[in-house]
Amino acid sequence: MTKLLALALVVGFAASARAAPDWRYEVAVGPKARVLAIEAVIAPGASDELGIAPGAEPYVRGLEVGDGVRWIPARATGDRWMAPRCSESGCRIRYHFLLGDAADLKGPPLARRIGAVIVAPPSTWMLRPLHAGPAVQVRFHFDVPAGVRALSGVDRVEGLDEVYQAPVTELAAAPPAAFGSLAVTSLEIAGGRIDVAIAPGRRALSDAQLVETVKRAGSTVAAWLGRAPRDRLLVLMLADAGDKLTAVTRAGGGAEIVARVGAALSPSALAASDALEREMVRLTLPTLDTDYTRLADGLVTYATPLARARAGQIPPEAAWESLLGTLPDGARFWLVADLRIRAHTHNRRSLDDALRAIADEGGDIAARWTLEHLLTTCDRAVGSPIVTTLYGELDEAGLATELSSSWRRLGVIVDDDGKITFDDAAPLAAIRRSLTAR
C-alpha cells in the first residue's frame, strides 16, 4: 500500500468537522526541499484537463495518470495535461515538481529561496483539474525527511494536526508553504494556537526573543478582542537585510503572517515595533465583497494603538497621538462608530462588542462576508443601527467635522509643542479613559 492510499484510508475518509475532501495530495519533500514527489487522488466530477500556476509548467516532471491498475504517462497539450476519463471515474496522478529550480531561476514569482528556506504557495506546485465545482475541497499532507520542516497557513483539519484542507476556490490566494530548516514553537493564547516558524539567518536577535514578540502581540490583540484573533495561525519569520521588522498577512483557506526580520534589528527596536500587532488586528475582519481594503486598513490604524495602550505597551498619550494625525477614512469610520456606540449606550457597549460578535460568528480574514452582513452583525451586537447608518455617511465632509469636535469633548488637548494632556472635566472624559484602560 502506498503512502497516499494509506493517507486516503486514514485521513481522506476519517470523520472530522470538515467536509470530506474531493482531492487529496500526499507531498513527499526531498532533501533540502529541492524536489517534491506528489501523488494525488482526484474524485469524479472535475475536468480531464490538468493545469498548474502559469509559468510553473517547466518544473513538472514525469506526470502519470493511474486508473487503479496501471500508470500511464499523461499527454501534454500546450500548458496543460490530459487525464482521460478522470472527470467520469476519478483518477490518481503522480509527478515530481522541481521546487528548488523554481526558486533558483529568475522568472514569475512562483517560489522564493530565502536563505535555507523555500517559500511557495500550493498553487505553484499543486497540479490539478482546471475546471471544478466551487464546493470542491482540497486536502494535502507533507511527508518530510529528517532536518526539514514543511508548514502552511492553510487551515488544518480538526483532529488531524498535520493535514491541511481548503476550498478549491481559495487555492489561488492560499498562504505560502515554507520548506526547509525551520525552528517551530507553538503558543497557546486565549484559546487559540499560534505556530511560530523561524528560519535560520544572521541576526542580532535570538529565536526566544522573536517568539516572545509574537506572544506579546497575540496576547495584546486577544485581550482587546476578548479571544484569540483566530483559532489557528502560522507566523513565518524570515531573515532579511536592514534593521526593521515588517509583516504582511496572507489569507485564503486559512491565514498566515509572513514577517521579515532585519539582520541588524535591535532588541529596543523589536520592543517598539507594532508590526505584528497590526497584522493580528487585520486578522479579525472578514474579507469583504466590497470596500475591504479601506475598512481593514482603517481598523488596523484605529485599533492597534488602543490595544497596545490597554496592554501597557504604550501610555494613553501615545495612543491618542497616533489617532490625532491625519486619519484615513477607514480609521475615521471605526473611531466615530466606537464613540457613537459608547455615547448612545452610556458607555455600556462599544465597538469591542461588535467585533466580538463578528468573531463569534466565525468572521475572520479567512471568511468571506458581504458588507451588509458585517454592518448588520455590528448593529445587532450594540442594539442599534449605528454602524450601518454611519457607513452611509463615510464619504461626507460632516464626518471629519464631527471627529474634530470630538477631541474637545473627549478632553484630548494638544499644546503648541504637540504635547498631549487630558481634561478629565470634559463631557466624554469617561469614554476617553475607557478606550485605553488596562
Side-chain angles (χ1 to χ4, degrees), residues 1-14 16 18-30 33 35-53 56-57 59-77 79-99 102 110-111 120-144 150 152 154-157 160 162-172 174 177 179 253:
M1 181 182 292
T2 66
K3 290 181 179 179
L4 177 64
L5 291 180
L7 179 70
L9 291 174
V10 176
V11 174
F13 305 110
S16 76
R18 304 289 295 274
D22 299 281
W23 305 348
R24 300 187 295 278
Y25 289 76
E26 176 71 9
V27 183
V29 182
V35 178
L36 306 179
I38 301 174
E39 191 171 336
V41 174
I42 307 297
S47 67
D48 290 342
E49 292 182 304
L50 308 179
I52 204 164
E57 298 89 354
Y59 307 108
V60 175
R61 294 286 190 275
L63 174 63
E64 296 180 311
V65 180
D67 59 7
V69 177
R70 58 179 178 165
W71 291 98
I72 302 171
R75 177 170 57 88
T77 304
D79 60 354
R80 59 197 62 186
W81 293 261
M82 300 302 297
R85 295 183 298 280
C86 192
S87 60
E88 179 181 346
S89 306
C91 61
R92 293 164 58 198
I93 62 173
R94 66 184 185 187
Y95 61 98
H96 289 82
F97 188 82
L98 307 183
L99 184 64
L110 300 167
S123 58
T124 288
W125 41 265
M126 190 175 283
L127 188 69
R128 55 199 182 274
L130 290 176
H131 307 289
V136 167
Q137 294 288 318
V138 183
R139 184 173 288 190
F140 59 96
H141 170 264
F142 298 116
D143 181 19
V144 297
S152 170
V154 171
D155 283 336
R156 317 275 182 113
V157 177
L160 300 169
E162 299 303 320
V163 182
Y164 303 87
Q165 183 168 319
V168 69
T169 51
E170 299 292 342
L171 277 184
F179 306 86

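This chain uses plain numbering: 1 for the first residue, then up along the sequence. Heavy atoms only: backbone and side chains are in, while hydrogens, waters and symmetry mates are out.
- The two residues Ala177 and Phe142 have their closest heavy-atom pair at CB-CZ, 4.1 Å.
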Please tabulate, for the side chains in residues 81-91, all donor-acceptor contacts under 3.5 angstrom to protein atoms that are two or more places apart in sequence or on a different chain.
{"residue": "Ser87", "atom": "OG", "partner": "Asp48", "partner atom": "OD1", "Å": "3.0"}

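- Residues satisfying the ring pair (Phe, Tyr, Trp, His ring centres under 6.0 Å) test with Tyr95, not counting sequence neighbours, are none.
- Scanning all heavy atoms of the two residues, the minimum distance from Trp23 to Ala43 falls at CD1-N, 3.9 Å.
- Inter-residue side-chain proximity for Glu49 and Pro129 is flagged as unmet; no heavy-atom pair is nearer than 4.5 Å.
- In terms of the salt bridge (Lys or Arg N to Asp or Glu O under 4.0 Å) criterion, residue partners of Glu64 (sequence neighbours excluded) are, by chain and number, Arg94.
- When all heavy atoms are compared, the tightest approach of Gly51 to Leu130 is CA-CD2, 3.5 Å.
- No side-chain heavy atom of Arg61 sits under 4.5 Å from any side-chain heavy atom of Val35.
- Annotation: side chain of Phe97 is not in contact with side chain of Met126 (no heavy-atom distance under 4.5 Å).
- A 4.5 Å side-chain heavy-atom check between Ser152 and Phe140 finds at least one atom pair inside the cut-off.
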Test Arg128 against Leu171 for side chain to side chain contact (heavy atoms under 4.5 Å, CB included), laying out the working first.
CA-CA 11 Å; Arg128 55 199 182 274; Leu171 277 184; 3.8 Å; yes
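- With sequence neighbours left out, the side-chain contact (heavy atoms from CB on, under 4.5 Å) criterion links Ile72 to Arg70.
- Going from atom CZ of Arg139 over to atom OH of Tyr164 covers 13.5 Å, rounded to the nearest 0.5 Å.
- With sequence neighbours left out, Ala53 forms a side-chain contact (heavy atoms from CB on, under 4.5 Å) with Ala56, Leu110.
- Nearest approach of Phe179 to Ala150, heavy atoms of both residues: CD2-CB, 3.7 Å.
- For Ala37, the side-chain contact (heavy atoms from CB on, under 4.5 Å) partners at least two apart in sequence or on another chain are Ala28, His96.
- Atom CG of Leu127 and atom CD1 of Ile93 lie 4.5 Å apart (nearest 0.5 Å).
- Between the CG atom of Leu50 and the OG1 atom of Thr77 there is a distance of 10.5 Å, given to the nearest 0.5 Å.
- The minimum heavy-atom distance between Leu99 and Ala120, with the atom names listed, is CD1-CB, 3.8 Å.
- For the pair Val29 and Leu36, the minimum side-chain heavy-atom distance is below 4.5 Å.
- The shortest side-chain heavy-atom distance between Val138 and Asp22 does not fall under the 4.5 Å cut-off.
- Checked by atom type and distance alone, the side chain of Tyr59 never pairs as donor or acceptor with a backbone atom of Trp125 at under 3.5 Å.
- For Glu57, there are no side-chain hydrogen bond (donor to acceptor under 3.5 Å, both in side chains) partners, not counting sequence neighbours.
- To the nearest 0.5 Å, atom CZ of residue Arg24 and atom CD of residue Gln165 are 10.5 Å apart.
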